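Quick caveat: nothing in here was measured; it's all calculated off a predicted structure. All values below were derived from every heavy atom in this structure, side-chain atoms included, with hydrogens, water molecules and symmetry-related copies excluded. Quick note on labels: first sequence line is chain A, next is B, and so on, each numbered from 1.
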There are 2 protein chains.
Amino acid sequence: MKDFLSAVKALSDENRMRIFCMLKQRPLCVCEIYAVLDIALSTLSQHLKLMKSAGLIDDEKDGRWVIYSLNRKNGLVTRMMDFLDRELGADERILRDRKKVSGLSRDICCSALQKGKKR
Amino acid sequence: MKDFLSAVKALSDENRMRIFCMLKQRPLCVCEIYAVLDIALSTLSQHLKLMKSAGLIDDEKDGRWVIYSLNRKNGLVTRMMDFLDRELGADERILRDRKKVSGLSRDICCSALQKGKKR
DNA sequence: AATATGTTTCGTTATTTTACGAAATATAGA
DNA sequence: TCTATATTTCGTAAAATAACGAAACATATT
């Protein structure tokens, strides 16, 4: 119950729900996620930390980047993802995010970080 | 997205999650739910109000009682219930609640309300 | 009408959550 | 080693949430 509840809680925030859906497309580094959401980097970091401790996502270092991805070792994650897909598959916000992620690469989104420019 | 999110939020609290599962068994009046959970009546009322405004549950008056039930007109409720069943079907807390609800009737749980006696 | 029972609302407090900017940390490259 | 880039941690402020008891409200019974 406790584990399940913290997973649900981790999805009960709009920004985190969006992150979760974005990560379904592909693993993303922090600055890519930052390029899509409209929150401060420190706030984003907090959200990622919470989602990780809830077992929803995983991180991995790649040079100076930290790559976040869905934690597919956790069966609950897969099942929740399927559920979300069905419920939010047609959601405009989610679709817009997905489009943004598609047109994104680490090269073009990073290095513009601190300047507040979102590409 | 907004509707879905508020439904998820409405389930992101342990007491509300328990209420939702209890209502799957059968419609319950407030004092029956109160007999199972360990919170004040006014707190319970707040939770029910929130769940209702999220579209998860419905209420109906029956004499001096208010009977709450799952809002099955909302497709999302059914789908969420199915999901919860699979995830929490074996949860001890949920099973204990279920047992308690089975051995409950409005007659024996009410009228002991204000005295703090839980039967 | 008066009383008892079941439920909600109100006012308040304590806790948790979300947010931010500044500073700290880590890595890569000059 | 110095600098730029990417990310996290820290301190803090603002907002939302969960909790309670007292009072109010509804309905049924006497």
N/O donor-acceptor pair under 3.5 Å between B:S45 side chain and B:L41 backbone: no
Contact under 4.0 Å: A:H47 side-chain N or O vs C:dA19 OP1/OP2: yes
Closest to the A:V66 side chain, choosing from D:dT7, C:dT8, D:dT9: D:dT7
Distance in angstrom units between B:L28 CG and C:dT7 C1', rounded: 15 Å
Residue-phosphate contact under 4.0 Å: B:Y68 side-chain N/O, C:dG6 OP1/OP2: no
Length of the CG-C1' vector between B:L44 and D:dG21, whole Å: 15 Å
Whole-Å distance separating the CD1 atom of A:I67 from the P atom of C:dT27: 14 Å
Options C:dT9, D:dG21, D:dT9, nucleotide nearest the side-chain atoms of B:A40: D:dG21
Joint hydrophobic cluster, B:W65 plus B:I33, side-chain heavy atoms closer than 4.5 Å: no
Spacing of A:R16 atom CZ relative to C:dT17 atom C1', expressed in whole Å: 8 Å
Length of the CD1-C1' vector between B:I39 and D:dA18, whole Å: 9 Å
Listed nucleotide nearest any side-chain atom of A:T43, set C:dA19, D:dT7, C:dG6: C:dA19
Phosphate-side-chain proximity, B:K61 and D:dT27, N/O vs OP1/OP2 below 4.0 Å: yes
Nearest-nucleotide 5' precedence on DNA chain C, B:D59 against A:L50: B:D59
A:R64 CZ to D:dT3 P, straight-line distance once rounded to whole Å: 16 Å
Protein-nucleotide distance (B:L48, atom CG; C:dT8, atom P), rounded to Å: 7 Å
Atom pair distance, as rounded to whole Å: CG in B:D62 and C1' in C:dG6: 12 Å
OP1 or OP2 of C:dT8 under 4.0 Å from side-chain N/O of B:S45: yes
Minimal non-hydrogen separation, A:D97 against A:R18, with atom names: OD2-NE, 2.7 Å
Position toward the 5' end of DNA chain C (nearest nucleotide), A:D13 or A:S42: A:D13
B:W65 side-chain proximity, nearest of D:dC20, D:dA26, C:dG6: C:dG6
Shared hydrophobic cluster, A:I67 / A:L50 (ILVMFWY, side-chain heavy atoms < 4.5 Å): no
Hydrophobic cluster identity match, A:F83 and B:L70, side-chain contacts under 4.5 Å: yes
